[in-house]
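Comments concern the structure below.
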Amino acid sequence: MKRTDNCGELRKADDGNKVVLSGWVHKYRNLGGLIFLDLRDRYGITQILFDPNDLPKAAIDIANSCRNEFVVTVSGTVRIKPEPNKNLATGEIEVVADNIIIENESVTPPFNFLNGKSDAKEEVRLQYRYIDLRSDKMTNNLLIRHKICLAARNYLSEKGFIEIETPTLAKSTPEGARDYLVPSRIYPGNFFALPQSPQIYKQLLMVAGQDKYFQIARCYRDEDSRKDRQPEFTQIDIEQSFVTEEDIFSLTEGMFAYIFKQAADIDIKIPFERLTFKSAMDDYGVDKPDLRFGLKLKNISVSAKNSGFSVFANAECVKFIAVEGLENLSRKQMGEYEDYAKHLGGKGLAFTKVIGGKLDGGISKFLSGEEQKIIIDKAELSKDGIIFFAADSEDLANKILGALRNRLGGELKLFDINEYKFCWIVDFPMFEFNPDENRWQTMHHMFTMPKPEYLQDVINEVNLDKILGQLYDLVLNGVELASGSIRIHKSEFQKKIFKILGMTDAEIENKFGFMLNAFKFGAPPHGGIAPGLDRIVSIICGEESIREVIAFPKSKSQNCLMMNAPSEVDKSQLEELFIEIRKK
RNA sequence: GGUCCGGUAGUUCAAUCUGGUUAGAGCACCUGCCUGUCACGCAGGAAGUUGCGAGUUCGAUCCUCGUCCGGACCGCCA
């Protein structure tokens with residue numbers, strides 16, 4: 001018996017047809033005489049009926065022995081059900097079986113997914129991922145991921161981009177994340193690095209005249225995981241020659257509009273809003289603001305300098321957020337927010353309530369009438385509420401209030417989960433000073449071109465903290481979705497950047513000689529962007545964690561719980577690689 | 001590396017704060033009954049190294065310490 005249809009496609013119109021279905025036993029219901037099997041495959045569920053009046057006992061016995069997750073093939077006739085099941089797409093029909101074979105039995109599964117998603121915790125789901133992926137939810141997530149990839153490929157191909165693969169055995173480069181290293185057998189003591197991104201390869205493809213490149217590329221970064229980060233992840237890597245920032249913006253906007261429409265039938269508004277890095281930090285405290293709700297940060301640093309409240313007067317920066325309708329916050333809840341602020345590095349979380357247009361309680365008694373007026377004016381509350389203050393360094397004030405803002409946005413349900421608020425963050429600084437290492441670092445990566453008006457400052461190595469780069473992030477609902485820049489394409493200028501970052505001539509030659517050399521052979525101006533696929537998929541699927549949209553993700557602590565990797569290897573393998581393991 | 005939360009039956013949870021007889025429940029599993037269920041129903045049953053190791057105690061699932069595993073956040077992530 002070979003299947004003629006899948007378990008999700010039979011309808012009323014198929015009434016009377018002879019069919020063969022194969023799939024997994026989703027649920028069995030033995031009524032003593034009649035036996036119902038819900039047969040499931042990737043496409044859906046179809047009810048199979050075994051009627052002892054029509055079937056030999058042997059067939060009934062087989063049906064009766066079926067248990068959850070047995071794999072069976074059934075032949076029979078499509079019939080319209082007396083009462084339709086509105087919960088199933090195939091609910092108007094059933095298949096009246098005339099034969100059944102068990103393709104394979106199953107031991108009792110460790111968990112069930114009758115409601116469409118697995119009813120076990122993540123640890124167990126990851127251990128038995130091949131079962132977890134049978135659920136509706138995971139099947140759908142994988143399908144959406146596929147549609148997104150397909151849409152990206154089709155869109156970019158249509159625009160003249162071609163997909164070119166680049167090596168995953170690459171070279172370790174300084175800066176950035178920790179590399180995953182792969183020992184070389186042929187060159188003992190030497191290592192490949194798995195690429196953190198195909199950055200250098202794609203730039204060299206531009207030198208190679210390949211003009212418009214993309215790749216759905218796996219990237220590797222050996223850093224601690226988060227719910228939106230794991231050591232291997234996927235980027236829609238894009239690079240193009242002879243472009244401006246504006247070209248990349250419109251290409252990317254078009255691509256996202258196409259992806260959202262094709263993969264999820266969602267219409268998004270383009271062009272996207274744009275915010276400068278500075279305004280994002282000022283108003284939202286983060287460089288990836290969630291624009292679905294207001295709750296902007298307000299700055300009272302200037303007036304706070306003269307405050308009688310020493311906590312304000314002594315702080316470099318005093319900012320606040322004013323939240324309507326939280327004036328009845330319990331002491332316990334307040335304590336939780338305060339702990340949260342402390343966890344983020346703050347000394348505490350000052351607050352005052354706003355009742356009837358006046359500050360009330362909390363720190364209000366330390367503030368003069370004039371100060372209170374300034375705060376009330378800036379707060380712009382239309383009803384009673386509460387104000388949270390952060391008085392600290394500017395970085396810390398932003399960090400605390402930015403995080404608190406996001407938390408409150410979620411807790412108070414200040415946004416519509418079906419809304420998609422994209423924005424570009426532009427005018428990033430090129431460099432930031434690393435006080436721990438006492439040197440300058442690049443904000444994005446080392447290959448970013450400054451804005452033209454700052455070229456001379458770079459050459460002169462002056463005002464480094466003021467220099468803005470031609471680099472941009474794409475943010476959606478508070479998630480950094482993509483990052484990109486216009487690149488440096490001149491050898492000498494690139495070398496200048498390396499030097500500013502503190503690299504010696506020898507290091508430059510050793511690490512990037514090949515790249516600087518390549519640029520001498522007519523490198524075209526170029527730029528690009530790299531949207532993170534996992535994050536795009538997780539947002540479209542409504543998932544909190546990218547692990548829900550990766551078929552076989554690593555656990556938080558970077559194990560594969562299914563195969564138990566990483567694991568020790570044979571001594572002989574290490575010997576071939578001239579590697580000895582040192583005791584910890 | 002740090003802070004916090006969790007780990008009890010196959011699984012999801014309860015009991016732990018306030019140590020004490022036999023560690024409970026839903027789903028799953030097993031047996032029987034049941035001819036229109038569709039998360040079928042009914043009756044019965046089996047199922048536990050309370051993650052692991054030490055300590056305190058007459059007595060530890062419960063308190064303490066260590067350790068392992070999972071998760072959230074900070075650091076980290078050009």
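To find a chain, count down the sequence lines: A is the first, B the second, and so on, and within it residues start at 1.
Residue pairs satisfying the ring pair (Phe, Tyr, Trp, His ring centres under 6.0 Å) criterion with at least one member in residues 472-496 of chain A, sequence neighbours excluded, are listed as follows: A:F249-A:Y472. Residues in residues 105-116 of chain A take part in no side chain to side chain donor-acceptor pair (under 3.5 Å) pair, two or more places apart or across chains. Residue pairs meeting the ring pair (Phe, Tyr, Trp, His ring centres under 6.0 Å) criterion with at least one partner in residues 32-51 of chain A, sequence neighbours excluded, do not occur; the list is empty.
With sequence neighbours left out, the side-chain hydrogen bond (donor to acceptor under 3.5 Å, both in side chains) criterion links A:E543 to A:K137, A:N141. Partners of A:D61 by side-chain hydrogen bond (donor to acceptor under 3.5 Å, both in side chains), not counting sequence neighbours, listed by chain and number: A:K57. Partners of A:D41 according to the side-chain hydrogen bond (donor to acceptor under 3.5 Å, both in side chains) rule, which considers only residues two or more places apart in sequence or in another chain, do not exist here. By the ring-ring contact (aromatic ring centres under 6.0 Å, His included) test, A:Y337 pairs with A:F388, sequence neighbours left out. With sequence neighbours excluded, the residues that form a side-chain hydrogen bond (donor to acceptor under 3.5 Å, both in side chains) with A:W424 are A:E253. Residues forming a salt bridge (charged side-chain N to carboxylate O under 4.0 Å, His left out) with A:R226 (at least two apart in sequence, or on another chain): none.
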Footprint string (nucleotides 32-37 of chain B, 5' to 3'): B base within contact, S backbone only, - free, heavy atoms under 4.0 Å: --BBBB
Per-nucleotide protein contact string for nucleotides 5-16 of chain B (B base, S sugar-phosphate only, - none; heavy atom under 4.0 Å): ---S-SSSS---
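Using a 4.0 Å cutoff on non-hydrogen atoms, the parts of residues 392-409 of chain A near RNA chain B are A:K399, ordered by number.
Using a 4.0 Å heavy-atom cutoff across all strands shown, A:Y220 reaches no nucleic acid atom at all.
Between A:S197 and A:Q558, the residue anchored nearer the 5' end of RNA chain B, judged by the nucleotide with its closest heavy atom, is A:Q558.
A:R67 has a side-chain polar atom (N or O) that falls below the 4.0 Å cut-off from OP1 or OP2 of B:C30.
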